[in-house]
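The structure appears right after this line, and notes come after that.
A quick note: this is a predicted structure, and the numbers were derived from the prediction, not measured. Residue numbers begin at 1 in each chain, while the letters A, B, ... track the order of the sequences.
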Amino acid sequence: MEELSEFKLKVLDLLKEDARRTPALLSTLLGVGEEDVKEAITQLEKDHVIVKYATVVNWGKVEEEKVYAQIEVQITPERGRGFEGIAERIYLFPQVKSVYLMSGAYDLLVEVEGRSLREVANFVSEKLSPIESVLSTKTNFILKKYKQDGIIFEERQEDNRLLISP
Amino acid sequence: MIVNQDRLTDNNKKSMSSYLAPSVRDIQPSGIRKFFDLVSGNKDIITLGVGEPDFVTPWHVREACVYSLERGFTGYTSNAGMPELREEISRYLSSSFQVSYDPKDEILVTVGGSEAIDLALRALIQPGDEILVPEPCYISYSPITSITGGVPVGIETTAEHHFKLTAEALEAKITPKSKILILCYPSNPTGATMTYEDWLPIAEVVERHDLIVISDEIYAELTYDGKHVSFPYMPGMKDRTILVSGFSKAFAMTGWRMGYACAHPDLISAMLKIHQYTVMCAPAMGQVAALEALKNGLGEKDRMVDSYNQRRRLIVQGLCDIGLECHEPQGAFYAFPSIKSTGLTSDEFAQRLLTEAKVAAVPGSAFGQGGEGFIRCSYATSIAQLDEALDRMGKFVEKLTS
């Protein structure tokens with residue numbers, strides 16, 4: 001893994017806050033040439049450091065019913081491949097939103113999205129549990145998201161400063 | 001945004017102003033106050049008029065305060081401030097600015113930097129003393145000087161010299177009555193800073209005319225290119241300087257009112273006398289928060305400074321693109337562009353900008369001599385808001401000059 005330059009880290013920080021910031025704006029903010037910014041971004045994209053520009057959605061605000069669960073999965077690692085192969089078999093399901101290898105009481109943390117409790121339950125009982133090396137699963141349904149990826153979902157009064165102060 | 005409601009509205013009361021001390025009655029309300037009243041009634045405005053960070057105090061600082069309240073830490077502290085806090089301030093000043101003060105008798109924790117300035121002026125001024133103040137500058141130095149019987153003497157600084165104080169300009173205003181020089185660099189409202197080389201000739205004049213210096217370095221941490229040079233760091237200046245600073249700007253703690261003064265023990269003990277009879281001690285909760293900020297908040301502070309620096313580049317670039325000439329501010333979080341090309345006074349410009357473009361900025365005339373022809377634009381606001389404000393200002397200026 002290469003160590004990123006301070007400049008690239010700053011580009012990443014600014015894009016993480018708002019992915020729609022243009023190279024022109026970033027160049028002004030960082031006091032460097034626009035071409036340098038474009039080049040850095042291209043490189044970061046090429047290296048798959050920037051994986052994707054996604055939108056953080058607060059689905060709690062819309063009617064569409066969505067159910068999220070975190071599933072703690074215990075597995076037997078495969079000879080020669082460890083957890084990689086089984087992790088892949090799990091993350092290729094489109095309803096699986098993220099998969100983490102964990103230290104502690106279980107091995108994989110699997111985040112699943114579905115349209116109903118039943119749909120998630122079916123996924124666990126019909127797809128996840130039957131996988132040969134899966135020893136056990138424990139499904140925790142998420143009731144409310146307060147903060148995700150550093151972004152607080154609840155709307156707050158953002159600026160309560162006096163309009164003019166010395 | 002809060003609208004201030006602390007003005008009296010009842011017109012039926014008899015006037016009591018004849019009872020007032022003339023020194024207080026005759027003080028003019030600040031230009032900022034006047035402008036505040038104008039702004040308050042307006043809707044949908046973007047304000048570049050705010051003289052405080054747009055960050056909320058970092059959570060670990062707020063949490064430390066809440067915890068101390070839960071433990072019942074609600075009594076007085078020692079008059080000069082909690083010993084641990086004074087020690088931490090001493091360490092911080094020494095490692096960040098290479099100035100050393102003994103926490104035992106050279107540091108006084110105050111209610112904001114403002115109280116420290118008040119104490120310093122009250123401890124030093126005898127009626128008739130002349131107090132030299134480089135302008136444009138923060139609005140409170142002259143009024144407090146007047147209340148204590150001193151005579152404020154403005155020293156005009158100019159955009160041509162990047163609003164730096166020069167030895168010639170200082171020397172020209174010195175009389176036998178000159179006693180104190182008040183410095184505020186990085187500067188509110190101009191963003192000007194002073195380097196070691198800039199300070200050298202000033203220190204020489206200060207020495208030669210035996211002046212006392214009050215150096216308000218509240219914006220010290222917000223210095224962008226280069227490093228802040230604290231005035232007491234200059235050779236021979238420490239004993240004759242009262243260093244004033246605080247937590248408001250660098251640590252995003254304006255509402256906590258936590259500041260401090262550092263000086264020779266003779267000066268600090270005099271200021272401490274006034275402090276103990278007027279406020280007893282700075283608020284205990286604020287002191288706990290300040291201690292946490294110094295102990296664990298320096299990283300967070302650096303992130304905030306970095307963020308101001310980015311926005312500084314954005315606003316300077318934006319103002320120049322609009323055609324408002326703007327010297328590059330090296331410190332604080334203000335840009336101070338010239339609006340002379342529009343032919344308007346800064347008052348007219350700010351008022352019309354407010355009503356026609358819905359952007360609030362403070363007219364430079366509110367900050368004393370040399371401020372006319374400029375407006376103060378605070379960039380302590382979000383990038384999106386800055387972008388929008390610059391857009392509106394651009395259209396406004398285009399309309400004015402076409």
Tell me, for [X] versus chain A, whether the close heavy atoms (under 4.5 Å) come from the side chain, the backbone, both or neither.
X	answer
B/Val362	side chain
B/Asn188	side chain
B/Ile139	side chain
B/Ile383	side chain
B/Arg312	neither
B/Gln317	side chain

Examine distances only and state if a side-chain atom of A/Ser27 and a backbone atom of A/Val32 form a donor-acceptor pair shorter than 3.5 Å.
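Yes; at least one donor-acceptor contact below 3.5 Å.
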
Side chain of B/Lys249, backbone of B/Gly51: donor and acceptor closer than 3.5 Å?
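A pair under 3.5 Å: yes.
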
B/Tyr308 and ring-ring contact (aromatic ring centres under 6.0 Å, His included): which partner among B/Tyr334, B/Phe55, B/Tyr224?
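Testing B/Tyr308 for a ring-ring contact (aromatic ring centres under 6.0 Å, His included) against B/Tyr334, B/Phe55, B/Tyr224 leaves exactly one candidate, B/Phe55.
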
Highest number of heavy-atom pairs under 4.5 Å with chain A: which of B/Leu48, B/Asp306, B/Asn309?
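Max contact count across the listed options: B/Asp306.
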
Ring of A/Phe93, cation from A/Lys127 - is the NZ or CZ under 6.0 Å from the centre and inside 45° of the axis?
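Negative - A/Lys127 is either too far from the ring of A/Phe93 or too far off its axis.
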
Just checking B/Phe163 against B/Phe374, ring centres under 6.0 Å apart?
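So the answer is yes for these two rings.
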
Can you say whether A/Leu14 sits under 4.5 Å from chain B via the side chain, the backbone, both, or neither, judging by heavy atoms?
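Answer is side chain: those atoms of A/Leu14 sit under 4.5 Å from chain B.
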
Salt bridge present between B/Arg311 and B/Asp54 (N-O < 4.0 angstrom):
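So B/Arg311 pairs with B/Asp54 through a salt bridge.
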
